[in-house]
Amino acid sequence: MNKKLLAATIASSAIVAPYVLSTDVVEAAALEMTIFHTNDTHAHVETAGQRAALVKQLRSTHPNNLLLDAGDVFSGTLYFNEWKGQADLEIMNYLQYDAMTFGNHEFDLGLSPEGHGALADFVKGAKFPFVSANVDFSNDALFEGLQPGGVTTAAQDGQIYDGIIKEVNGEKVGIFGLTTEETTAIASPEKVEFKAYLSSAQQAVENLKAQGVNKIIALTHIGFDDSLQWDNDQELAKQVAGIDVIVGGHTHTELKEPVKVINEQSNEPVIIVQANQYNKYVGQLDITFNDSGVVEDYKGQLNLVGEKDKDGKYLLPSDAEADKILAKYAEKVNATMNASTGADAKVFLSGLRGFGGVRAGETNLGNIITDGMLDKAKKIDPAVSIAFQNGGGIRTSINKGDVTYGEVLNVLPFGNPLAIVELTGAELYETFEHSVKDYPKESGGFLHVAGMKVIFDPNKEPGKRIVSLKVGDQDVDRTASYKAATNVFTARGGDGFEALGKAYEEGRASEPGFSDWENFATRLGEIGDVTQQIEGRIVTTTTYKDVDVNHWAYPFIANLQTQGILKPLPKFNGNNSLTRAQVAEMLTRALNLEAKGDAPFKDIAGVDAATQQAIAAAYEAGIVKGVDGKFNPNKKITRAQMALMFERAYKTVNATYTSPTATFKDTTKLNDETRKAIGFLEDNAIANGDAGNYNPAKNVTRNQAAKLFFNLLYTVEQFKQKK
């Protein structure tokens with residue numbers, strides 16, 4: 001052994017002792033293997049039988065394999081609320097996972113009376129080891145004896161190591177773990193500490209290499225493309241030499257194919273994979289290493305859990321033993337899940353992601369949640385005037401129909417208790433500047449509100465975006481004091497809210513209890529028939545000088561202009577009627593449709609070239625048909641004609657949708673096609689009519705069209721995210 005290797009081995013012995021102290025160096029060889037991986041499953045165990053069947057089938061054809069999980073098993077469904085990870089754990093044990101790292105949501109329960117007791121029990125009960133090179137549990141007595149640390153070839157079940165060494169087809173494969181340092185801001189780790197990810201990773205790689213390992217997997221929960229303020233997989237791949245594969249989580253990224261990054265020091269490839277979320281996929285990476293441990297070839301894919309054939313039957317029979325395991329937990333879960341809150345959702349309650357979703361815009365679901373929070377807080381302290389809820393805490397949507405407690409718990413799965421915080425007006429401004437700083441990019445810290453109105457200009461630099469803050473009808477006074485209701489996580493400064501964290505530390509916050517989902521369920525039950533839509537509580541500015549911010553159409557107009565669907569003109573002229581050409585233009589912009597050729601209409605030569613192309617795109621998509629070879633581009637569009645165009649536009653993304661017949665009183669004499677088109681608007685709450693009538697022959701004003709377009713895009717996005 002040369003002196004350099006001997007020195008490295010001796011230097012690393014203090015870190016890896018007492019697990020591996022061998023000075024024997026075994027020459028590495030080439031290796032073909034498969035890595036199966038999951039991440040961000042969030043207690044979605046309802047497909048356990050299908051997942052087990054798929055894993056078994058994949059393993060049977062790829063014997064040289066590892067099965068890894070990149071964290072965030074905790075929090076997300078009633079299975080977690082009821083069983084605190086034990087249902088997930090029994091299934092993972094049955095599937096014989098090789099290793100897991102911790103996600104930020106594994107630390108959600110730090111503020112509960114039991115602290116991290118559920119996580120400690122999860123670790124103790126695991127029939128696999130955990131890897132975590134940058135998480136230190138030593139100050140939390142619940143984990144005493146559970147974190148020997150270091151790097152080992154003899155990993156024990158239910159123990160936490162920096163890294164482990166597995167043997168695959170006679171070759172050593174190293175696995176180390178990382179958890180995002182952002183956990184301190186977005187969860188409740190309390191006494192658990194997090195170290196810098198790059199230096200921790202570099203140390204873990206050196207320790208593994210000292211044991212003769214040249215094939216190294218980083219099992220991470222830091223995010224594929226998360227903010228560099230914290231950490232992410234692509235930066236890890238660039239900065240830390242010696243890593244060959246990164247199996248990631250945290251950002252819920254659906255990497256249908258692996259991503260290759262070249263390390264800046266070694267100039268060698270690093271392969272990154274991530275398998276979306278909620279047990280939707282089992283990721284698969286088939287990889288070949290040369291005898292130097294460098295990736296020579298690779299191919300990856302995401303295998304759909306519960307894939308069905310054209311007749312709707314599962315391609316794989318469900319695994320009976322996994323179904324049996326799940327059944328032990330499902331009975332109690334189903335009983336609670338199926339109980340009604342007493343609310344009937346007449347409209348879709350949006351917890352969608354993406355632009356205009358809960359992390360980048362006002363939604364009706366966010367409004368109802370904050371209304372319930374404010375109601376409860378006022379009963380405790382009548383001086384509370386506002387409430388706000390972080391969008392990252394709203395985890396899913398609620399479809400139309402009877403609303404069950406299970407749906408409520410899926411929306412707010414973290415059980416965050418109520419907090420009341422006293423803030424100055426200046427601190428409110430700071431808080432809401434932070435809320436909108438990333439817009440239009442999604443942010444878990446985007447705040448939904450009750451009792452107040454927020455207007456901001458997304459074109460200004462972050463920190464200077466708030467144009468107006470109102471509590472009730474009054475502008476916020478920076479020197480005045482306000483009492484606000486929120487959840488404990490946000491009140492303690494979660495998501496980076498420094499002003500809130502300061503108020504909490506100074507004793508200006510109280511924690512009366514009452515879980516967020518309970519307040520939400522109570523509010524729903526009190527409403528009964530839920531018809532609530534967005535109300536303009538959070539709006540962006542517009543360029544239109546003739547649109548009053550208090551007008552009912554303002555939030556819809558502002559949203560469409562921000563999306564680029566409306567042109568940035570000096571005036572909106574909201575009471576003017578829309579033409580058929582203008583509707584065609586807006587629809588093609590909204591759906592990103594482009595023409596491949598020219599439209600056959602003989603009366604569109606007089607409109608500008610861009611409008612001609614929009615009409616052609618709409619024609620090719622089947623949205624417009626014309627009459628007798630004419631389109632009548634400048635003719636004012638009627639409500640019936642718009643319904644036809646909207647229904648056809650929707651079917652460009654959801655071809656299997658069947659429209660019901662409209663029930664409006666004044667549609668009975670219309671032809672069947674038009675009645676069904678209006679029925680589409682009615683069925684999806686895009687248009688509600690007036691006193692039981694639809695008024696199909698009336699022209700559509702620009703104000704009305706703004707709301708109709710907004711609702712259509714909501715419906716389109718709702719379908720896309722269900723796919």
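Put simply, NZ on Lys84 and CG on Leu119 are 13.0 Å apart, with the number rounded to the nearest 0.5 Å. For the atom pair CG (Leu374) and CZ (Arg523), the distance works out to 9.0 Å, reported to the nearest 0.5 Å. To the nearest 0.5 angstrom, Gln389 atom CD is 10.0 Å from Phe520 atom CZ. A distance of 9.5 Å separates CD in Glu362 from NZ in Lys453, rounded to the nearest 0.5 Å. Between the OG atom of Ser138 and the CD atom of Glu144 there is a distance of 11.0 Å, given to the nearest 0.5 Å.
Inter-residue side-chain proximity for Asp226 and His250 is flagged as met; some heavy-atom pair is nearer than 4.5 Å. With a 4.5 Å cut-off on side-chain heavy atoms, Thr41 and Asp69 count as touching. The side-chain heavy atoms of Lys376 and Glu518, taken from C-beta on, include no pair separated by under 4.5 Å. Two residues are said to be in side-chain contact when any heavy atoms from C-beta on lie closer than 4.5 Å; Asp140 and Glu190 fail this criterion. Residues Pro458 and Thr541 meet the side-chain proximity criterion, which asks for heavy atoms closer than 4.5 Å. Here the side chains of Ile466 and Lys460 are not in contact, with every heavy-atom distance at 4.5 Å or above. Val476 has its side chain within reach of Tyr429: a pair of non-hydrogen atoms, C-beta onward, lies under 4.5 Å apart. Looking at Phe107 and Thr184, their side chains never come closer than 4.5 Å, going by heavy atoms from C-beta outward.
In this structure, Ser132 and Thr179 approach most closely via the heavy-atom pair OG-OG1, 4.3 Å. Taking both residues in full, the closest heavy atoms of Gly366 and Ile394 are given as CA-CD1, 4.1 Å, listed atom of the first, atom of the second, then distance. The two residues Thr183 and Asn104 come nearest to each other via the heavy atoms OG1-CB, 3.4 Å. Of all heavy-atom pairs between Ala387 and Thr370, the closest is CB-O, 3.7 Å. Nearest heavy-atom pair across Thr101 and Glu106 is O-OE1, 4.4 Å. Between Ser435 and Phe497, the closest heavy-atom pair is N-CE2, 4.0 Å.
When atom types are taken as modelled, the side chain of Asn364 and the backbone of Ser350 share a donor-acceptor pair closer than 3.5 angstrom. For the pair Ser397 (side chain) and Gly351 (backbone), a donor-acceptor distance under 3.5 Å is present. The backbone N or O of Ile686 lies less than 3.5 Å from a partner atom in the side chain of Asn711, making a donor-acceptor pair. Judged by distance alone, with hydrogens and angles left aside, the side-chain atoms of Glu235 form no donor-acceptor pair with the main-chain N or O of Leu228 at under 3.5 Å. No side-chain donor-acceptor contact under 3.5 Å links Lys346 to the backbone of Asp529. With hydrogens and angles ignored, the 3.5 Å screen pairs no side-chain donor or acceptor of Asn519 with any backbone N or O of Met373. No side-chain donor-acceptor contact under 3.5 Å links Arg353 to the backbone of Val358. Judged by distance alone, the side chain of Glu427 and the main-chain N or O of Thr424 form a donor-acceptor pair under 3.5 Å. Between the side chain of Arg508 and the main chain of Glu505, no donor-acceptor pair closer than 3.5 Å is present. With Asp438 contributing its side chain and Lys441 its backbone, the two residues share no donor-acceptor pair below 3.5 Å.
For the 3.5 Å distance criterion, the side chains of Asn390 and Asn487 qualify, holding a donor opposite an acceptor. Looking only at atom types and distance, the side chain of Thr404 has no donor-acceptor partner in the side chain of Asn338 under 3.5 Å away. A donor-acceptor contact closer than 3.5 angstrom links the side chains of Tyr504 and Glu511. Donor-acceptor pairing under 3.5 Å is lacking for the side chains of Asn279 and Thr47. No side-chain donor from either of Asn559 and Thr562 sits under 3.5 Å from a side-chain acceptor of the other. No hydrogens or angles considered: a donor-acceptor pair under 3.5 Å links the side chains of Gln532 and Glu535. Side-chain polar atoms of Asp231 and Thr180 form a donor-acceptor pair below 3.5 angstrom. A donor-acceptor contact closer than 3.5 angstrom links the side chains of His252 and Asp40. Side-chain N/O atoms of His448 and Asn367 include no donor and acceptor closer than 3.5 Å. In this structure, a donor-acceptor pair under 3.5 Å is absent between the side chains of Asn410 and Thr77.
Atom CD of Glu254 is surrounded by more than 12 heavy atoms from other residues, nucleotides or ligands within 6.0 Å. Shown here is Glu498, whose CD atom has no more than 12 heavy atoms of other residues, nucleotides or ligands within 6.0 Å. Surrounding CD of Glu506 are more than 12 heavy atoms belonging to other residues, nucleotides or ligands, all under 6.0 Å away. Atom CG of Asp473 has 12 or fewer neighbouring heavy atoms from other residues, nucleotides or ligands inside a 6.0 Å radius. Counted within 6.0 Å of NZ on Lys502, heavy atoms from surrounding residues, nucleotides or ligands total 12 or fewer; the atom is thus considered open. Heavy atoms of other residues, nucleotides or ligands lying less than 6.0 angstrom from NZ of Lys191 number 12 at most.
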Query - Thr715 vs Asn684, side chain to side chain donor-acceptor pair (under 3.5 Å): CA-CA, chis, key distance, verdict - result: CA-CA 7 Å; Thr715 305; Asn684 291 281; 4.7 Å; no
Report task. Take Lys483 and Asp381 through the salt bridge (Lys or Arg N to Asp or Glu O under 4.0 Å) test and state the conclusion after the steps. Result -> CA-CA 9 Å; Lys483 284 191 174 181; Asp381 184 348; 2.7 Å; yes
Query raised in the report: Which is it for Asp457 and Arg465 under the salt bridge (Lys or Arg N to Asp or Glu O under 4.0 Å) test, yes or no, and what are the steps along the way?
Result: CA-CA 5 Å; Asp457 185 347; Arg465 290 182 163 183; over 6 Å; no
Report task. Give the C-alpha distance, both sets of side-chain angles, the deciding distance and a yes or no for side chain to side chain donor-acceptor pair (under 3.5 Å) between Asn139 and Glu193. Result -> CA-CA 8 Å; Asn139 291 326; Glu193 297 179 352; 3.2 Å; yes
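Here Asp371 pairs with Arg537 in a salt bridge; the nearest charged N to carboxylate O distance falls below 4.0 Å.
Here side-chain hydrogen bond (donor to acceptor under 3.5 Å, both in side chains) pairs that include residues 412-423, with residues two or more places apart or in two chains, are Glu422-Ser481.
For His105 and Phe414, the ring centers sit closer than 6.0 Å to each other.
Partner of Phe102 under the ring pair (Phe, Tyr, Trp, His ring centres under 6.0 Å) criterion, chosen from Phe137, Phe122, Phe143, Phe194: Phe137.
Residues meeting the side chain to side chain contact (heavy atoms under 4.5 Å, CB included) test with Ala345, sequence neighbours left out: Leu349, Val403. Residues satisfying the ring-ring contact (aromatic ring centres under 6.0 Å, His included) criterion with Phe388, sequence neighbours excluded, are Phe432.
Using cut-offs of 30° and 60° for the angle between ring planes, the Tyr439 and Phe456 rings count as perpendicular.
Geometrically, Lys328 does not engage Trp83 in a cation-pi contact defined by less than 6.0 Å to the ring centre and at most 45° from the axis.
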